[in-house]
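Everything on this sheet refers to the single structure shown next.
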Amino acid sequence: MSGYSTRRRGGRVGHEGTSVQDDYPATVRVRGLVVPDLLLVLLREGRWNHPGEPAVARVMPWFHDPLDFLGSTEQMERESQSLDRLIQDDETAELFRCAREPTATGAVELPWLDVDRAFFVAVAQYAGDDTAIALDYRTSSADPRVVASDVWTSSAPYTWRTVAETFSEFVAELRLDRSDDEPAAA
């Protein structure tokens, strides 16, 4: 269910006044979830890239695996298909703290990831590291929370924790919201 749904005629204004082209899709979805306009702008402008290890360490000091920032909604869809495999059996779902709502105990909350309300935007660079950053739509459909896996600081083998309360906050913290010609803040 990747890619583009309807096309809009006429332009519209994107994040912070950027113009979304006339032929740009009105709605882009990954796993059925609407991709935030800001992420679409970053992808289109080639700014959704790994900002460097120091920036990642500043925002996620517990996270130690090298990451690949996924460069298209198609890659996000493809990589996020693994979420369905992680819940196929109870043992794997428990290990990776992934569930599908509703559960017998109620809503799926952190440190668990609701696989129907999330998709990956960055994944471990090396196969087998099994770590990722995801957009978590349980808090907002317009500007979702950003969560990342944590295999380093918890007594559980694997948990999900908040990186930023919103995607736009995450982008600002990584300084991906500036064009290359803007000077970095001190």
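All residue numbers refer to positions in the sequence shown, counting from 1.
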When the side chains of residues 125-134 are checked against the rest of the protein, which donor-acceptor pairs come out under 3.5 Å, sequence neighbours left out?
from, atom 1, to, atom 2, distance (Å)
Thr131, OG1, Asp65, OD2, 2.9

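Considering all non-hydrogen atoms of both residues, Val30 and Val35 come closest at CG2-CG2, 3.7 Å. Here the shortest heavy-atom pairing between Ala93 and Trp112 reads O-CZ3, 3.6 Å. Considering every non-hydrogen atom in both Leu70 and Val123, the closest pair reads CD2-CG2, 3.9 Å. Between Trp62 and Val59, the closest heavy-atom pair is CZ3-O, 4.4 Å. Val151 and Pro157 make their closest contact through CG1-O, 3.6 Å (heavy atoms, listed as atom of the first residue, atom of the second, distance).
Judged as a salt bridge (charged side-chain N to carboxylate O under 4.0 Å, His left out), and not counting sequence neighbours, the contacts of Glu94 are Arg97. Annotation: side-chain hydrogen bond (donor to acceptor under 3.5 Å, both in side chains) contacts of Glu169 (sequence neighbours excluded): none. Residues meeting the ring pair (Phe, Tyr, Trp, His ring centres under 6.0 Å) test with Tyr158, sequence neighbours left out: Phe96, Trp160. Among residues two or more places apart in sequence or in another chain, the side chain to side chain contact (heavy atoms under 4.5 Å, CB included) test is passed with Ala55 by Pro51, Arg58, Leu174. With sequence neighbours excluded, the residues forming a side-chain hydrogen bond (donor to acceptor under 3.5 Å, both in side chains) with Asp89 are Thr92, listed by chain and number. For Arg85, the side chain to side chain contact (heavy atoms under 4.5 Å, CB included) criterion is met by Gln81, Ser82, Gln88, not counting sequence neighbours. In terms of the side-chain hydrogen bond (donor to acceptor under 3.5 Å, both in side chains) criterion, His64 has no residue partners (sequence neighbours excluded).
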Review point. Hey, mind stepping through His50 and Leu176 against side chain to side chain contact (heavy atoms under 4.5 Å, CB included) and telling me if it holds?
Key: CA-CA 9 Å; His50 194 296; Leu176 297 174; over 6 Å; no

Review point. Does the side chain to side chain contact (heavy atoms under 4.5 Å, CB included) test come out yes or no for Thr166 and Val146, once each step is laid out?
Key: CA-CA 6 Å; Thr166 64; Val146 178; over 6 Å; no

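For Thr162 (side chain) and Ala164 (main-chain N/O), no donor-acceptor pair under 3.5 Å exists by modelled atom type.
Arg47 CZ to Leu38 CG: the interatomic distance, rounded to the nearest 0.5 Å, is 8.0 Å. One distance of note links OG of Ser80 with CG of Leu33; it measures 9.0 Å at 0.5 Å rounding. Of the inter-residue distances, the one linking Phe119 atom CZ with Arg29 atom CZ reads 11.0 Å to the nearest 0.5 angstrom. Here CZ of Arg31 is found 12.5 Å from CG of Leu135. Values are rounded to the nearest 0.5 Å. In this structure, CE in Met76 is found 4.5 Å from CG in Leu39, a value given to the nearest 0.5 Å. Note that the OG atom of Ser149 and the CZ atom of Phe120 stand 7.5 Å from one another [nearest 0.5 Å].
With contacts defined as side-chain heavy-atom distances shorter than 4.5 Å, the pair Pro144/Phe170 does not qualify. You'll find the side chain of Leu86 stays beyond 4.5 Å of the side chain of Leu113, heavy atoms only. The closest side-chain heavy-atom distance from Val34 to Val28 is not below 4.5 Å. Between Gln75 and Asp68, the closest side-chain pair of non-hydrogen atoms is not below 4.5 Å.
Follow the hydrophobic side-chain contacts under 4.5 Å out from Leu110 and you reach Val121 in the same cluster. Following chains of ILVMFWY side-chain contacts shorter than 4.5 Å, one can reach Ile87 starting from Leu83, so the two form part of one hydrophobic cluster.
Sorted by first and then second residue, the ring pair (Phe, Tyr, Trp, His ring centres under 6.0 Å) pairs involving residues 26-48 (not counting sequence neighbours) are Trp48-Phe69, Trp48-Phe167. Sorted by first and then second residue, the salt bridge (Lys or Arg N to Asp or Glu O under 4.0 Å) pairs involving residues 134-149 (not counting sequence neighbours) are Asp136-Arg138, Asp136-Arg145. Evaluation of the salt bridge (Lys or Arg N to Asp or Glu O under 4.0 Å) test over residues 105-122, restricted to residues two or more places apart or in two chains, returns Arg100-Asp116. Among pairs with a residue in residues 150-166, those fulfilling salt bridge (Lys or Arg N to Asp or Glu O under 4.0 Å) read Asp150-Arg161, at least two apart in sequence or across chains.
No salt bridge links Arg44 with Asp37; every basic N to acidic carboxylate O contact stays at or beyond 4.0 Å.
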